[in-house]
Participant: 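First, the structure itself, so that you have it in front of you.
Within every chain, numbering begins at 1; the chains are lettered A, B, ... in the order of the sequence lines, protein sequences first and strands thereafter.
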Amino acid sequence: MSEESIHELIQRRHEKLEEFRQRGVEPYGEKYQVSHRAQEITENFEEVEGKEVKVSGRIMTMRRHGKAGFANLQDESGQIQIYARLDDLGEESFECYKLLDIGDIIGVRGKVFKTRKGEITVSTEDFNLLAKSLRPLPEKWHGLRDIELRYRQRYLDLIMNPEVKEVFILRSRIIQAMRNYLNEKGYLEVETPMMHGVTGGANARPFKTYHNALDMDLYLRIATELHLKRLLVGGYGKIYELAKVFRNEGISTRHNPEFTSVEVYEANADYYDMMALTEDMISVICQDVFGSLNITYQGKELDLTPPWPRLTMLEAIKKYANLDFTGAKRDEEAREVVKDLKLNIDKNTTRGEIINLVFEEYVEKHLDQPVFILDYPIEVSPLAKSKKDDPAFTYRFEAFLASSEIANAFTELNDPLDQKERFLKQAEKRAAGDEEAHMMDDDFIASLEYGMPPAGGLGIGIDRLIMLFTDAPSIRDVILFPTLRPR
RNA sequence: GAGCCAUUAGCUCAGUUGGAAGAGCACCUGACUUUUAAUCAGGGUGUCCCAGGUUCGAGCCCUGGAUGGCUCACCA
């Protein structure tokens, strides 16, 4: 945007602003005590007809008729028409009315009536200029379509496209419903540091920053997991954190560098408890916010009614990819099973990694209706407890909805020696160049050495859940200010 | 990170075979005291994303770059 060259349209508005001042009108007024919001008037016309009301809002359209005029005011609730006449306002005030532009914010006092054409209208007795707008708004009919401008100047998007405002109201209500749910079930909301000396809890590259006074590098957190588990060690039994995490990775319709997650931990629970929590919480929120357990995402009808089916990862692979790993216990045998498939594997790829790759490549895309996939390979689950009867797998599940992973949970690994081993394996991967492998977290290990009760933990990507609930094709549609390159 | 596509007035968009830069809304002037995409008469406000190149001549063709979108890769 060329700030330096003042466009004629903007210049003209500056002149009008000056003219208001010369007429003794402050163009940036004080708070206006409204009596009604636009919607309250249009929905309760019988009650307010003929009565005096005070409304305020942004002028969205103007229709001038010589010595009178109509305009539409938009407030938080919607729009209402106002009508202004020279006879009612007087010479001086009507001259000021004529100086108003689309985009200006005004307060209006007047009686409610209905025009000949049936439009509910406030007949202006006087008005106050609350904020003079110096830039022209986008066109009234087509609105703001340019996707880049909508993200960069979200305030314009919100002014011009009411359905966008609706999405973020829904977002707020969904998050509120989730907090209500968790609070009512006795989970305590806590806040843990966003700046970490060592990051962990996920496979991801972190953002790096620097603290001057301490002269040290810090990372923005990639997950809340390891601090929340320290709190289980500390004695809290049911906790959650719902807040932003940061991952230094690519941007796409499903990825924003900062995003919101919720992680829930519960002592003396396991992943079955987390499954019950997941399907109950999500269906309760859906029922709360939408009054139904059926939603449509991008043309797909989804039924969230619990209980959701449960399949182990191996069962799911057998069902959807027609491959059987049950007999393949060794890495070479697993490689034999997939020898005809195009997978990114080499001599060092282990059985568990192959199974996970097959699942991601051939199974996930089929998982439209809600389903729990249980028992992930230990190699890709360094924080989950391994299964008693088959230590190659873990008590971990992910919930899928519309082919998208919406929840990740496990019976938490509370054996400090096992956890240390897992970190060491991750450290090997890091040394081999895997920047997303977990870092060794000595303090976390120390906390486990004091003893962490058996526990279940659950993580949900809030933005993706909101995408599902608002039928949004891109994560940027549910984040008010998505990350963009500066211009 | 790779491929494809887009970028023209404040906004939404046309722009033919390479031959004088267009429309609607907005804006400006005038008319109009119940309109509502108000109407009527008049007015075009521009770094055609940027930098090179080809050409007598480039919004259009070529090369490089910027930003964005989509797809893929990575991830949640």
Participant: Between A/Met60 (CE) and B/U36 (C1'), how many Å, whole number?
Facilitator: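 Whole-Å distance recorded here is 14 Å.
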Participant: Could you say whether A/Phe113 or A/Arg64 is positioned toward the 5' end of RNA chain B, judged by the nucleotide with the nearest heavy atom to each?
Facilitator: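 Of the two residues, A/Phe113 wins.
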Participant: Mind checking if A/Asp87 touches a base, just sugar-phosphate, or nothing, with heavy atoms under 4.0 Å?
Facilitator: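 Base contact - A/Asp87 has a heavy atom under 4.0 Å of at least one base atom.
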Participant: Please determine if A/Glu379 and A/Lys425 form a salt bridge, counting it only when a charged side-chain N lies under 4.0 Å from a carboxylate O.
Facilitator: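 No, this pair does not count.
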Participant: A/Leu144 has an atom CG; how far is it from atom C1' of B/A26, in whole Å?
Facilitator: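 It is 14 Å, rounded to the nearest whole Å.
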Participant: Touch check for A/Arg476, heavy atoms < 4.0 angstrom, all strands: base, sugar-phosphate only, or nothing?
Facilitator: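 Touches sugar-phosphate only.
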Participant: Would the distance check show the side chain of A/Thr394 and the main-chain N or O of A/Tyr376 forming a donor-acceptor pair, the cut-off being under 3.5 Å?
Facilitator: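 Yes: the side chain of A/Thr394 pairs with the backbone of A/Tyr376.
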Participant: Rounded to the nearest angstrom, tell me the gap between atom CZ in A/Phe70 and atom P in B/U39.
Facilitator: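 The distance from CZ of A/Phe70 to P of B/U39 comes to 14 Å, rounded to the nearest Å.
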Participant: Remember a base hit wins even if backbone is also touched, and classify A/Gln81 as base, sugar-phosphate or nothing at under 4.0 Å, heavy atoms.
Facilitator: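 Base contact.
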Participant: How is A/Ile406 classified with respect to the nucleic acid when contacts are heavy atoms under 4.0 Å: base, sugar-phosphate, or nothing?
Facilitator: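 Contact class for A/Ile406: none.
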Participant: Base, sugar-phosphate alone, or nothing: which one does A/Gly461 contact when heavy atoms must sit under 4.0 Å apart?
Facilitator: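 No contact at all - A/Gly461 keeps every heavy atom at 4.0 Å or more from the nucleic acid.
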Participant: Examine B/U34: is either OP1 or OP2 under 4.0 Å from a nitrogen or oxygen in the side chain of A/Lys114? Give yes or no.
Facilitator: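 For B/U34, OP1/OP2 do not have a side-chain N/O of A/Lys114 under 4.0 Å.
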Participant: Taking 4.0 angstrom as the limit, do A/Arg37 and A/Glu76 come out as a salt bridge?
Facilitator: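 Result for this pair is yes, salt bridge flagged.
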Participant: In whole angstrom, what separates A/Gln153's CD from B/G10's P?
Facilitator: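 It works out to 13 Å between those atoms.
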Participant: Does a nitrogen or oxygen in the side chain of A/Lys117 sit under 4.0 Å from OP1 or OP2 of B/U34?
Facilitator: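 No, A/Lys117 has no side-chain N/O under 4.0 Å of OP1/OP2 on B/U34.
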Participant: For nucleotides B/G15 and B/G24, find the distance between their C1' atoms and express it as a whole number of Å.
Facilitator: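 Roughly 15 Å separates the two C1' atoms.
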Participant: For B/G24, what is the paired nucleotide under Watson-Crick or G-U wobble rules, both distances under 3.5 Å?
Facilitator: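 Base-paired to B/C11.
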Participant: Taking N and O atoms by type only, does the side chain of A/Arg63 place a donor or acceptor under 3.5 Å from a partner on the base of B/U35?
Facilitator: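 Pair found.
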Participant: Within the structure shown, what part of the strands sits under 4.0 Å from A/Arg116 by heavy-atom distance: base, sugar-phosphate, or nothing?
Facilitator: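 Touches a base.
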Participant: Rounding to an integer number of angstrom, what distance separates B/C74 and B/U16 when you compare their P atoms?
Facilitator: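 These two P atoms come out 42 Å apart once rounded.
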Participant: Can you find a donor-acceptor N/O pair under 3.5 angstrom joining the side chain of A/Glu148 to the base of B/U67?
Facilitator: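 Answer is no: no donor-acceptor pair is held.
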Participant: Looking at B/G69, B/U12, B/U35, which one has an atom nearest to any side-chain atom of A/Glu119?
Facilitator: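 The answer is B/U35, which lies nearest to the side chain.
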Participant: Check the distance between B/C72's P and A/Glu361's CD and give it to me in whole angstrom.
Facilitator: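 Result: 11 Å.
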Participant: Nearest to the side chain of A/Thr121 - B/A26, B/G68, B/U35?
Facilitator: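 The listed nucleotide nearest to A/Thr121's side chain is B/U35.
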Participant: Look at A/Lys67 and B/U34 and indicate whether a side-chain polar atom (N or O) is within less than 4.0 Å of OP1 or OP2.
Facilitator: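 Answer is no, no contact under 4.0 Å.
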Participant: Is A/Glu398 salt-bridged to A/Arg396, cutoff N-O under 4.0 Å?
Facilitator: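 Yes.
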Participant: What is the nucleic acid contact for A/Gly459, judged by heavy atoms within less than 4.0 Å: base, sugar-phosphate only, or nothing?
Facilitator: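 Nothing: the residue A/Gly459, judged by heavy atoms under 4.0 Å, touches no strand.
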Participant: Do we see a donor-acceptor contact under 3.5 Å between the side chains of A/Tyr151 and A/Asp477?
Facilitator: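 Checked: A/Tyr151/A/Asp477 side chains pair up, N/O donor to acceptor below 3.5 Å.
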Participant: Given the P atoms of B/U7 and B/C48, what is the spacing between them in whole Å?
Facilitator: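 About 15 Å, rounded to a whole number of Å.
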Participant: Nearest nucleotide by nearest heavy atom, which residue falls closer to the 5' end of RNA chain B, A/Asp101 or A/His142?
Facilitator: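 The 5'-side residue here is A/His142.
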Participant: Do A/Glu19 and A/Lys16 meet the salt-bridge criterion of a basic N to acidic O distance under 4.0 Å?
Facilitator: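 No, A/Lys16 and A/Glu19 are not salt-bridged.
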Participant: At under 4.0 Å between heavy atoms, what does A/Ser261 touch on the DNA or RNA strands: base, sugar-phosphate, or nothing?
Facilitator: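 The answer is nothing, as A/Ser261 stays clear of every strand by at least 4.0 Å.
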Participant: Does A/Tyr271 form a ring pair (Phe, Tyr, Trp, His ring centres under 6.0 Å) with A/Phe393? I'd like the steps, not just the answer.
Facilitator: CA-CA 13 Å; A/Tyr271 79 152; A/Phe393 294 91; over 10 Å; no
Participant: Can A/Glu263 and A/Arg221 be counted as an ion pair, charged N to O under 4.0 angstrom?
Facilitator: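 Between A/Arg221 and A/Glu263 there is no salt bridge, as every charged N stays at least 4.0 Å from the carboxylate O atoms.
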Participant: Check the distance between B/C11's P and A/Arg152's CZ and give it to me in whole angstrom.
Facilitator: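 Whole-Å distance recorded here is 14 Å.
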Participant: Atom CD1 of A/Ile159 and atom P of B/A26: how far apart are they, to the nearest Å?
Facilitator: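 Result: 17 Å.
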Participant: What does A/Arg85 touch in the nucleic acid at a heavy-atom separation under 4.0 angstrom: a base, only the sugar-phosphate, or nothing?
Facilitator: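 Contact class for A/Arg85: base.
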Participant: Using the C1' atom as the point on both nucleotides, what is the distance between B/U35 and B/U71, in whole Å?
Facilitator: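 The same atom, C1', in both gives a distance of 48 Å.
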Participant: So which nucleotide from B/G68, B/C70, B/U35 ends up closest to the side chain of A/Leu484?
Facilitator: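 Closest nucleotide among those given: B/G68.
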Participant: If you check every side-chain atom of A/His65, which of B/U12, B/U67, B/U35 has the closest atom?
Facilitator: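 Nearest to the side-chain atoms of A/His65, counting from C-beta on, is B/U35.
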Participant: Distance check, C1' atoms only: B/G46 and B/C11, in whole angstrom units.
Facilitator: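 My reading of the C1' atoms in B/G46 and B/C11 gives 14 Å.
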Participant: Which nucleotide wins on minimum distance to the side chain of A/Tyr83, given the candidates B/C70, B/G10, B/U34?
Facilitator: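 Comparing B/C70, B/G10, B/U34 against the side chain of A/Tyr83, the answer is B/U34.
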Participant: Expressed as a whole number of angstroms, how long is the span from A/Lys98:NZ to B/U29:P?
Facilitator: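 Checked: the NZ to P distance equals 10 Å.
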Participant: What is the pairing partner of B/U71, taking Watson-Crick or G-U wobble pairs with both distances under 3.5 Å in any strand?
Facilitator: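 By the stated definition (distances under 3.5 Å), B/A2 pairs with B/U71.
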Participant: How is A/Asp434 classified with respect to the nucleic acid when contacts are heavy atoms under 4.0 Å: base, sugar-phosphate, or nothing?
Facilitator: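 Counting heavy atoms under 4.0 Å across all strands, no contact is made by A/Asp434.
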Participant: Please tell me which of the listed nucleotides, B/C27, B/U33, B/A26, lies nearest to the side chain of A/Glu8?
Facilitator: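 That would be B/C27.
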Participant: With rounding to the closest Å, how many angstrom separate the C1' atoms on B/U47 and B/A66?
Facilitator: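 Per the computed distance, 15 Å lies between those C1' atoms.
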Participant: Between A/Tyr187 and A/Tyr240, does the ring centre distance come in under 6.0 Å?
Facilitator: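 Ring centroids of A/Tyr187 and A/Tyr240 are no less than 6.0 Å from each other.
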Participant: Distance check, P atoms only: B/A58 and B/C62, in whole angstrom units.
Facilitator: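 Each nucleotide's P atom is 16 Å from the other's.
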Participant: For B/U8 and B/A14, measure between their C1' atoms and round to the nearest Å.
Facilitator: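 Nearest-Å result for B/U8 against B/A14 at atom C1': 10 Å.
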Participant: Look at the side chain of A/Thr115 and the base of B/U35, then say whether one donor and one acceptor between them are separated by less than 3.5 Å.
Facilitator: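 Yes, the side chain and the base share a sub-3.5 Å donor-acceptor pair.
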Participant: What nucleotide among B/U35, B/G68, B/C28 has an atom nearest to a side-chain atom of A/Arg12?
Facilitator: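 So the nucleotide nearest the side chain must be B/C28.
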Participant: Partner of B/U35 by Watson-Crick or G-U wobble geometry, both contacts under 3.5 Å, or none?
Facilitator: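 Answer to the pairing question: none, since B/U35 forms no Watson-Crick or G-U pair.
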Participant: Base, sugar-phosphate, or nothing for A/Asp463, non-hydrogen atoms under 4.0 angstrom?
Facilitator: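 Contact class for A/Asp463: none.
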Participant: Can you tell me which nucleotide in B/U33, B/G10, B/U35 comes closest to the side chain of A/Leu9?
Facilitator: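 Nearest nucleotide to the side chain: B/G10.
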Participant: Paired with B/U29 by Watson-Crick or G-U wobble geometry, both distances under 3.5 Å: which nucleotide is it?
Facilitator: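 Here B/U29 is engaged in a pair, and the nucleotide opposite it is B/A41.
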Participant: Backbone N or O of A/Arg85 within a donor-acceptor pair of the A/Asp88 side chain at under 3.5 Å?
Facilitator: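 Absent.
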Participant: Name the closest nucleotide to the A/Glu139 side chain, picking from B/C11, B/A26, B/U29.
Facilitator: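 So the side chain of A/Glu139 is nearest to B/C11.
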Participant: Measuring to OP1 and OP2 of B/A66, would you say a side-chain N or O of A/Arg485 lies under 4.0 angstrom away?
Facilitator: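 Answer no for this pair, as no side-chain N or O of A/Arg485 is under 4.0 Å from OP1 or OP2.
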Participant: Let's test this: given Watson-Crick or G-U wobble pairing with both distances under 3.5 Å, identify the partner of B/G57.
Facilitator: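 Paired with no nucleotide.
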Participant: So which nucleotide from B/U35, B/A37, B/U67 ends up closest to the side chain of A/Trp141?
Facilitator: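 Comparing B/U35, B/A37, B/U67 against the side chain of A/Trp141, the answer is B/A37.
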